Amino acid sequence: MTSVSITAPAKLNLFLHINNKRDDGYHELETLFTFLDFGDELTFTLTNDKIISLCGDTHGIPQHDNLIYKAALALQSYKKVPLGVNIKLIKKLPMGGGVGGGSSDAATTLLTLNTLWNCQLTIAELANIGVKLGADVPVFIHGKTAVAQGIGEKLTPIELPKKWYCVVFPNVHISTAEIFTHPDLPRNTPKLSDGWKLAETQNDCEALVKKLNSEVEKTLLWLLKYGPSRMTGTGACCFVELDSQIAAQRVLNSLPSCWQGFVAPNTVISPAHTQLEARLK
Ligand SMILES: C[C@](O)(CO)[C@H](O)COP(=O)(O)OP(=O)(O)OC[C@H]1O[C@@H](n2ccc(N)nc2=O)[C@H](O)[C@@H]1O
Ligand SMILES: Nc1ncnc2c1ncn2[C@@H]1O[C@H](COP(=O)(O)OP(=O)(O)OP(=O)(O)O)[C@@H](O)[C@H]1O
């Protein structure tokens, strides 16, 4: 039996600007995605019976609603694959935390099964399947630190220095849809101009989420003592950026017990891609 374990990494939105609201309700945005060397672990075991099954830390999400199952089924139907798969999930990323766990799980599933089922789809074809599962799936499929535009599907890879992050989850779940439909969300940040600087950017969801959730506000105030800090995506996770593992670990060690967190460096290429490539060599 062929079995392979691959990471579905966390992402951070180092900034998130909302430029406009489209007629279909989705928002045009500009955001800088980077991947962290930390994530969910997915183990794929091939079967000969066309059945897709999911086990492990599913946290009460019915199988047919899980983005992992949806991704596997979408690929199996698209390529009329005669095989099945059992997928075991070890969930390390907080759900609804703004670190893209569900989207990353879906992307890792598409990338891995494309290989294991020998579908031979291109990255662009996989991203096309993925975007129907969530706006963030394509960036995980492409797997490179990038500025995303449009609804998140137009990607321009960029180089970033290696940094260490302490990511804190304040134990409140934020619904992305609730934030994007809130009347008080700012939606008119001008598009980035040439030569933009990270220090001049922000997360446009942050003020609203802080107003709605005092825990997020407290988390950011606490993190700011240690260095430049922001919320990722539509929250609830917040992060502080530091130059060394020791400095990031020091923040985690002093984390109040009511919150959870982890420490990880960013990676230029998503760990899912690095691990799959190493396996193919
Ligand atoms: C905010 C980000 O986390 C930034 O990385 C993402 O763009 C959200 O991506 P995601 O969680 O994959 O989002 P989806 O599952 O596609 O959408 C959830 C909800 O967010 C809103 N949504 C999402 C993305 C976007 N560009 N505009 C939106 O208005 C829509 O109301 C949608 O119903
Ligand atoms: N495998 C999965 N892992 C996590 N969430 C899943 C999964 N499958 C379905 N979902 C659903 O998707 C919702 C959003 O999950 P996710 O963890 O991706 O949020 P997020 O980190 O806020 O993402 P984003 O930053 O893209 O908004 C969850 O609340 C859950 O109901």
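First listed ligand is number 1; within each ligand, the first listed atom is number 1. This structure is a prediction, so every number in the text was calculated from the model and none was measured. Any value given below was found using the heavy atoms of this structure, including those in side chains, with hydrogens, waters and symmetry copies removed.
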Undergrad: Can you pull out the closest protein heavy atom to atom 25 (O) of ligand 2? Residue, atom name and distance to 0.1 Å, please.
TA: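 Minimum-distance protein heavy atom for atom 25 (O) of ligand 2 reads K11 NZ, 2.9 Å.
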
Undergrad: Provide the number and element of each atom of ligand 2 under 4.0 Å from a heavy atom of S103.
TA: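 Near S103, meaning under 4.0 Å from one of its heavy atoms, ligand 2 has 18 (O), 26 (O).
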
Undergrad: For D105, is at least one N or O under 3.5 Å away from an N or O on ligand 2?
TA: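 Indeed, backbone or side chain, D105 has an N or O that close.
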
Undergrad: Looking at ligand 2, does G101 have a heavy atom less than 4.0 Å from it?
TA: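 G101 counts as a contact of ligand 2 under the 4.0 Å cut-off.
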
Undergrad: Which heavy atom of L54 sits nearest a heavy atom of N86, and at what distance?
TA: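 Closest heavy-atom pair between L54 and N86: N-ND2, 4.4 Å.
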
Undergrad: Of all the atoms in ligand 1, which lie at a distance below 4.0 Å from a heavy atom belonging to S103?
TA: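 Counting from 1, the qualifying ligand atoms are 12 (O).
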
Undergrad: Heavy-atom contacts with D65 under 4.0 Å: which atoms of ligand 2 show up? List them by number with element.
TA: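 Those atoms are 9 (C).
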
Undergrad: What's the shortest heavy-atom distance between A272 and I6, and which atoms?
TA: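 Answer, listing the atom of A272 first, then I6: CA-CG2, 3.9 Å.
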
Undergrad: Under 4.5 Å between side-chain heavy atoms, hopping through other hydrophobics if needed: is there a path connecting Y165 to V268?
TA: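 No, Y165 and V268 fall in different hydrophobic clusters.
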
Undergrad: Among all protein heavy atoms, pick out the one at the shortest distance from atom 11 (O) of ligand 1; state its residue, atom name and that distance to 0.1 Å.
TA: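 Of every protein heavy atom, T176 OG1, 4.2 Å lies nearest to atom 11 (O) of ligand 1.
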
Undergrad: Using side-chain hydrogen bond (donor to acceptor under 3.5 Å, both in side chains), reason through T58 and Q63 one step at a time and then give a plain yes or no.
TA: CA-CA 8 Å; T58 53; Q63 177 168 285; over 6 Å; no

Undergrad: Please check whether I68 reaches ligand 2 - meaning an N/O of the residue sits under 3.5 Å from an N/O of the ligand, judged on distance alone.
TA: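 There is no such contact.
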
Undergrad: Identify the two heavy atoms, one from P161 and one from N266, that lie closest to each other, and give their separation to 0.1 Å.
TA: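 That closest heavy-atom pairing would be O-ND2, 3.3 Å.
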
Undergrad: Would you say the rings of F140 and F35 are close, in the sense that their centroids are separated by under 6.0 Å?
TA: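 Ring-ring flag for F35/F140: true, centres closer than 6.0 Å.
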
Undergrad: When you look for heavy atoms under 4.0 Å from ligand 1, do you find them on the side chain of I151, its backbone, both, or neither?
TA: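 Both of them.
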
Undergrad: Looking at every heavy atom in both L255 and Q260, which two are closest together, and how far apart are they?
TA: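 That would be CD2-C, 3.5 Å.
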
Undergrad: Verify, without hydrogens or angle tests, whether T145 (side chain) and T267 (backbone) share a donor-acceptor contact under 3.5 angstrom.
TA: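 Here the side-chain-to-backbone pair exists.
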
Undergrad: What closest approach, in Å, do L198 and R230 show between heavy atoms, and which atom pair accounts for it?
TA: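 Reported closest heavy-atom pair: O-NH2, 3.6 Å.
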
Undergrad: Which is closest to atom 16 (O) of ligand 1 in terms of heavy atoms, A135, G101, G235?
TA: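 Closest candidate by heavy-atom distance is A135.
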
Undergrad: Looking only at heavy atoms, what is the nearest atom pair of T43 and S5, with distance?
TA: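 Closest approach of T43 to S5, heavy atoms only: OG1-OG, 2.8 Å.
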
Undergrad: Does the pair W117 and L46 meet the rule for a side-chain contact (heavy atoms from CB on, under 4.5 Å), with working shown?
TA: CA-CA 8 Å; W117 282 344; L46 285 189; 3.5 Å; yes

Undergrad: Only one of T176, N203, N13 forms a side-chain hydrogen bond (donor to acceptor under 3.5 Å, both in side chains) with T234, so which one is it?
TA: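 When side-chain hydrogen bond (donor to acceptor under 3.5 Å, both in side chains) is applied between T234 and each of T176, N203, N13, only T176 qualifies.
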
Undergrad: Determine whether the side chain, the backbone, both or neither of E28 has a heavy atom under 4.0 Å from any heavy atom of ligand 1.
TA: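 It is neither part, as no heavy atom is under 4.0 Å.
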
Undergrad: Tell me: protein heavy atom nearest atom 2 (C) of ligand 1, and distance?
TA: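 Residue, atom and distance for the closest contact: D136 OD2, 3.7 Å.
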
Undergrad: Considering the heavy atoms of K11, write down every atom of ligand 1 situated less than 4.0 Å from one of them.
TA: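 In order of numbering, the contacting atoms are 3 (O), 5 (O).
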
Undergrad: So if I count the atoms of ligand 2 from 1 in the order they appear, which ones are less than 4.0 Å from some heavy atom of G100?
TA: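 Checking each atom against G100, I get 18 (O), 20 (P), 21 (O), 23 (O), 25 (O), 26 (O).
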
Undergrad: Heavy atoms only: which of L67, T108, T176 lies closest to atom 9 (C) of ligand 2?
TA: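 Going through L67, T108, T176 one by one, L67 has the nearest heavy atom to atom 9 (C) of ligand 2.
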
Undergrad: I need the atoms of ligand 1 closer than 4.0 Å to a non-hydrogen atom of G25, numbered in the order shown.
TA: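 Within the 4.0 Å cut-off of G25, ligand 1 contributes 29 (O).
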
Undergrad: What is the closest protein heavy atom to atom 29 (O) of ligand 1, and at what distance does it sit?
TA: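 Ranking protein heavy atoms by distance from atom 29 (O) of ligand 1, first comes H27 ND1, 2.8 Å.
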
Undergrad: Counting from 1, what ligand 1 atoms have a heavy atom of F33 closer than 4.0 Å?
TA: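 Once the distances to F33 are compared, the set is 5 (O).
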
Undergrad: Should we count CG of D243 as having more than 12 external heavy atoms under 6.0 Å?
TA: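 At most 12 heavy atoms, drawn from other residues, nucleotides or ligands, come within 6.0 Å of this atom.
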
Undergrad: In terms of residue, atom name and distance, what is the protein heavy atom nearest to atom 22 (N) of ligand 1?
TA: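 Of the protein heavy atoms, F180 CD1, 3.4 Å lies nearest.
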
Undergrad: Nearest protein heavy atom to atom 26 (O) of ligand 2, by residue and atom, and its distance?
TA: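 Ranking protein heavy atoms by distance from atom 26 (O) of ligand 2, first comes D136 OD2, 2.7 Å.
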
Undergrad: Can you pull out the closest protein heavy atom to atom 25 (C) of ligand 1? Residue, atom name and distance to 0.1 Å, please.
TA: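 In this structure, atom 25 (C) of ligand 1 has Y26 CD2, 3.4 Å as its nearest protein heavy atom.
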
Undergrad: Indicate yes or no for a side-chain donor-acceptor contact from H182 to the backbone of D184 under 3.5 Å, with no hydrogens or angles considered.
TA: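 Looks like yes, one N/O pair under 3.5 Å.
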
Undergrad: Answer with side chain, backbone, both or neither: which part of L29 has a heavy atom less than 4.0 angstrom from an atom of ligand 1?
TA: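 Answer for L29: side chain.
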
Undergrad: I need the nearest protein heavy-atom contact for atom 4 (C) of ligand 1: residue, atom name and distance, please.
TA: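 Looking at atom 4 (C) of ligand 1, the protein heavy atom closest to it is N13 ND2, 3.5 Å.
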
Undergrad: Mind checking whether F15 and H17 have parallel, tilted or perpendicular rings, split at 30° and 60°?
TA: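 The rings of F15 and H17 sit tilted, inter-plane angle from 30° to 60°.
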
Undergrad: List the closest protein heavy-atom neighbour of atom 3 (N) of ligand 2: residue, atom name, distance to the nearest 0.1 Å.
TA: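 Its nearest protein heavy-atom neighbour is K91 NZ, 2.9 Å.
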
Undergrad: Could you check whether atom NZ of K88 has more than 12 heavy atoms from other residues, nucleotides or ligands sitting under 6.0 Å from it?
TA: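 Open: at most 12 neighbouring heavy atoms sit under 6.0 Å from NZ of K88.
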
Undergrad: Give the residue, atom name and distance (to 0.1 Å) of the protein heavy atom nearest atom 18 (O) of ligand 2.
TA: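 Ranked first by proximity to atom 18 (O) of ligand 2 is G102 N, 2.7 Å.
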
Undergrad: Above 12 or not: heavy atoms from other molecules or residues under 6.0 Å from CG of D49?
TA: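 Counting neighbours around CG of D49, more than 12 heavy atoms of other residues, nucleotides or ligands fall under 6.0 Å, so yes.
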
Undergrad: Looking only at distances, please establish whether an N/O atom of ligand 2 is found under 3.5 Å from an N/O atom of G96.
TA: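 Between G96 and ligand 2, an N or O pair is found under 3.5 Å apart.
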
Undergrad: Nearest heavy atom to atom 30 (C) of ligand 2: which of I61, D57, N66 does it belong to?
TA: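 Shortest heavy-atom distance from atom 30 (C) of ligand 2: I61.
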
Undergrad: Starting from atom 22 (O) of ligand 2, find the nearest protein heavy-atom neighbour and note its residue, name and distance.
TA: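 Of every protein heavy atom, G98 N, 2.9 Å lies nearest to atom 22 (O) of ligand 2.
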
Undergrad: Nearest protein heavy atom to atom 15 (O) of ligand 1, by residue and atom, and its distance?
TA: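 The closest one turns out to be G134 CA, 4.2 Å.
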
